[in-house]
Every structure is written in C-alpha cells, then in structure tokens.
Amino acid sequence: MWTTGVSALWRSEYRRVVRSAFDTVPFYRERWALDGRTEPTLVPGRTGLLDGAVTTADTTRAMVDLVPLAGGATEPDPARGLGRMLPQARSVPRGSLVVIADPEIALPPTDLGRHLRGSVLDPGALRTDSPALAELANALLRGDSVVAVGPDKGLAALDAALPPDLGQRLARVPHRALDELDGGPYGVLHDAQLGYLGAFGRCGRWHLDWRQVYVRSTKAGLAVTLLRQNSPRMVDVLVAGGVAGKVTSCRRHGTPVVLP
C-alpha cells in the first residue's frame, strides 16, 4: 500500500468531503438519507445500492442540486486540473502554448499558472480563419513550444488542419478515460464532467491527482470524488458508466495509481 501518511491524509480528506456534502448539498443529503451509503456510513443500517455512488447521468440531471446551500458555480469545469497534471505527463517549457482540442471543452484552462498560456478549439469545426488555429500556427512559426491535449480524434483533426511541417513541431498529450487506460508513453486521465484526474507518469503508471481527487472501488465500479471543488460538488461519481479497476500504490513513489 502507499505510505501511511499519504493514505491517512487521502482518506481523511475524502471523509471530510463526504460529511460536508451530506450537511450542505441538497442532492447528497436527500439521496444518502433515503438510500444510505458506505465509507463512511452516514445513516446506520443503510449502505446504499451502489455503496453510495452516483452515475454521471444522475449528476447531470441534478446539477442545480449539487450546489451547496451557500451557493456556487452551477456548471462543471472539464478543464479543471490540467495545470497540475500536464507537467506530470510531459515536460512543458515555460512560455508554452497549451491547446485543448476537445469539442466537449469550451473554455480554456484557468490553472496553468503564469508561465503557460492556454487556448481551446473544437477540432470538428476547424477553419483556416479560426482565431485559435491561427494562434497555434503563428506560435509554431515563431518556434514557440506548443502542446496539444485532447482525445485521439481531436489530435488527429488538428494534425489534418495544420501544414505537415508545422504539425511535426507539435507536442501531443492524449486524453484517456478510466476505461481507456493504455501504456503511454504520454497521457492525461480525463472525464468530461470531472476534469483532469491523473497522468501517465515516467514510472509507467497512471498516477491520480491524489491531493485533488479521491477514487474508490464500489459494487458498480470506480467512483471519483473531487476533494477541492466547492461547487458543483462531485462525490463518488461513477465515470464511463462504471469502470472496473483497482487503486493501489506506486512502488516507486508511494502515491495512489489506478490499474484497469
């Protein structure tokens, strides 16, 4: 297992989020009061059909009820976490332009930091007069570092839209969902509702963003909790319809990794 300190802190943060959600978020308050849940059990004798987990269809329908009573954002941020996970997947030089090529992401990432700049484009609607495509091409012509992030289809569409000599200068980091894990050598773990959850490390394992993301096994598959997102609150969400997998420790780093 991972180091005792990491394990204890990770689980403590998760339990804090669960109890806070039960106290302050209408959706979880009602669901867990009626059906129950495990880990932790909030209503004695009620453990829940899915151990307390919810599907993405549930959260999509109830998005307004995922906002805490104190208020907050009503829409998920699918670009959340990229600033932390991208450098874990691939070296990103200072001053790089990071382009997200994914039709499900409309707004650029906000957590890249001061030394990187972000852009987003819809790879299915690329035109030669697209401002985002022009920005990318100009950056490549200047010799700037440009990193494209997105699903395989998005990266392929971007390649097709660029002249071959410019496309060769483009660094690529593919998205992978929990049910699409592969052997790298590069990649970031992504969900359209939860954002960036982890990255393929240089040790050859899929590392979770454990300071921001908690993942546990349930009867229906792996359930993901965002530990630092205040609203909308995402707790024990089953991604990709429920994915069988295992959370274990990286032998080299002693932090959580996910195995298919």
Sidechain N-carboxylate O distance under 4.0 Å for D236, R216: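 Yes, charged N to carboxylate O under 4.0 Å.
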For residues 156-173, the side-chain hydrogen bond (donor to acceptor under 3.5 Å, both in side chains) pairs (sequence neighbours left out) are D159-R172
Do the side chains of [Y] and [X] get nearer than 4.5 Å, heavy atoms only?
{"X": "L227", "Y": "V213", "value": "no"}
{"X": "V120", "Y": "V99", "value": "no"}
{"X": "P123", "Y": "K153", "value": "no"}
{"X": "E75", "Y": "P232", "value": "no"}
{"X": "V188", "Y": "F200", "value": "no"}
{"X": "V147", "Y": "V173", "value": "yes"}
{"X": "P26", "Y": "L69", "value": "yes"}

What do the steps show when you test S20 against R233 for side chain to side chain donor-acceptor pair (under 3.5 Å), and what is the final call? CA-CA 10 Å; S20 172; R233 195 71 64 83; 3.3 Å; yes
How close do [X] and [Y] get, counting heavy atoms only, and between which atoms?
{"X": "R202", "Y": "R90", "value": "NH2-C, 3.8 Å"}
{"X": "W32", "Y": "G52", "value": "NE1-O, 3.2 Å"}
{"X": "I100", "Y": "A79", "value": "CD1-CB, 4.2 Å"}
{"X": "F27", "Y": "A62", "value": "CD1-CB, 3.5 Å"}
{"X": "R176", "Y": "L181", "value": "CB-CD2, 4.5 Å"}
{"X": "V237", "Y": "T55", "value": "CG1-C, 4.5 Å"}

Do [X] side-chain atoms and [Y] backbone N/O form a donor-acceptor pair below 3.5 Å?
{"X": "T225", "Y": "V235", "answer": "no"}
{"X": "W206", "Y": "G187", "answer": "no"}
{"X": "D51", "Y": "K219", "answer": "yes"}
{"X": "S96", "Y": "V92", "answer": "no"}
{"X": "T38", "Y": "T41", "answer": "no"}
{"X": "R84", "Y": "R211", "answer": "no"}
{"X": "R19", "Y": "R16", "answer": "no"}

Pairs involving [range], ordered by first then second residue, that meet salt bridge (Lys or Arg N to Asp or Glu O under 4.0 Å) (sequence neighbours left out):
{"range": "residues 133-150", "answer": "R117-D144, R142-D144"}
{"range": "residues 239-260", "answer": "none"}
{"range": "residues 53-62", "answer": "R31-D58, D58-R61"}
{"range": "residues 183-193", "answer": "none"}

Please give the remaining members of the hydrophobic cluster of L155, linking ILVMFWY side chains under 4.5 Å, ordered by chain and number.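 Noted: L155 shares its cluster with no other residue.
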For Y196, the ring-ring contact (aromatic ring centres under 6.0 Å, His included) test, sequence neighbours excluded, returns H175, H190
With sequence neighbours excluded, tell me which residues meet ring-ring contact (aromatic ring centres under 6.0 Å, His included) with Y14.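 Scan of Y14 (ring-ring contact (aromatic ring centres under 6.0 Å, His included), adjacent residues dropped) gives Y214.
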Would you compute the distance between atom [atom1] of [X] and atom [atom2] of [Y] and round it to the nearest 0.5 angstrom?
{"X": "M234", "Y": "Q193", "atom1": "CE", "atom2": "CD", "value": "4.0 Å"}
{"X": "S119", "Y": "L107", "atom1": "OG", "atom2": "CG", "value": "11.5 Å"}
{"X": "L197", "Y": "L189", "atom1": "CG", "atom2": "CG", "value": "5.0 Å"}
{"X": "L121", "Y": "L136", "atom1": "CG", "atom2": "CG", "value": "7.0 Å"}
{"X": "D122", "Y": "L133", "atom1": "CG", "atom2": "CG", "value": "12.0 Å"}
{"X": "R80", "Y": "D111", "atom1": "CZ", "atom2": "CG", "value": "8.0 Å"}

Residues, nucleotides or ligands: over 12 heavy atoms within 6.0 Å of L49 CG: no
For D65, give me all partners under salt bridge (charged side-chain N to carboxylate O under 4.0 Å, His left out), at least two apart in sequence or on another chain. none
Would you please name every residue forming a salt bridge (charged side-chain N to carboxylate O under 4.0 Å, His left out) with R228, sequence neighbours left out?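 Per chain and number, R228 pairs via salt bridge (charged side-chain N to carboxylate O under 4.0 Å, His left out) with E13.
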Could you list the residues that satisfy side chain to side chain donor-acceptor pair (under 3.5 Å) with T56, not counting sequence neighbours? none
Test side chain to side chain donor-acceptor pair (under 3.5 Å) applied to Q229 - qualifying residues, sequence neighbours left out: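 Scan of Q229 (side chain to side chain donor-acceptor pair (under 3.5 Å), adjacent residues dropped) gives none.
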Take R15 and E39, measure what salt bridge (charged side-chain N to carboxylate O under 4.0 Å, His left out) needs, and give me the verdict at the end. CA-CA 8 Å; R15 292 173 69 88; E39 226 186 338; over 6 Å; no
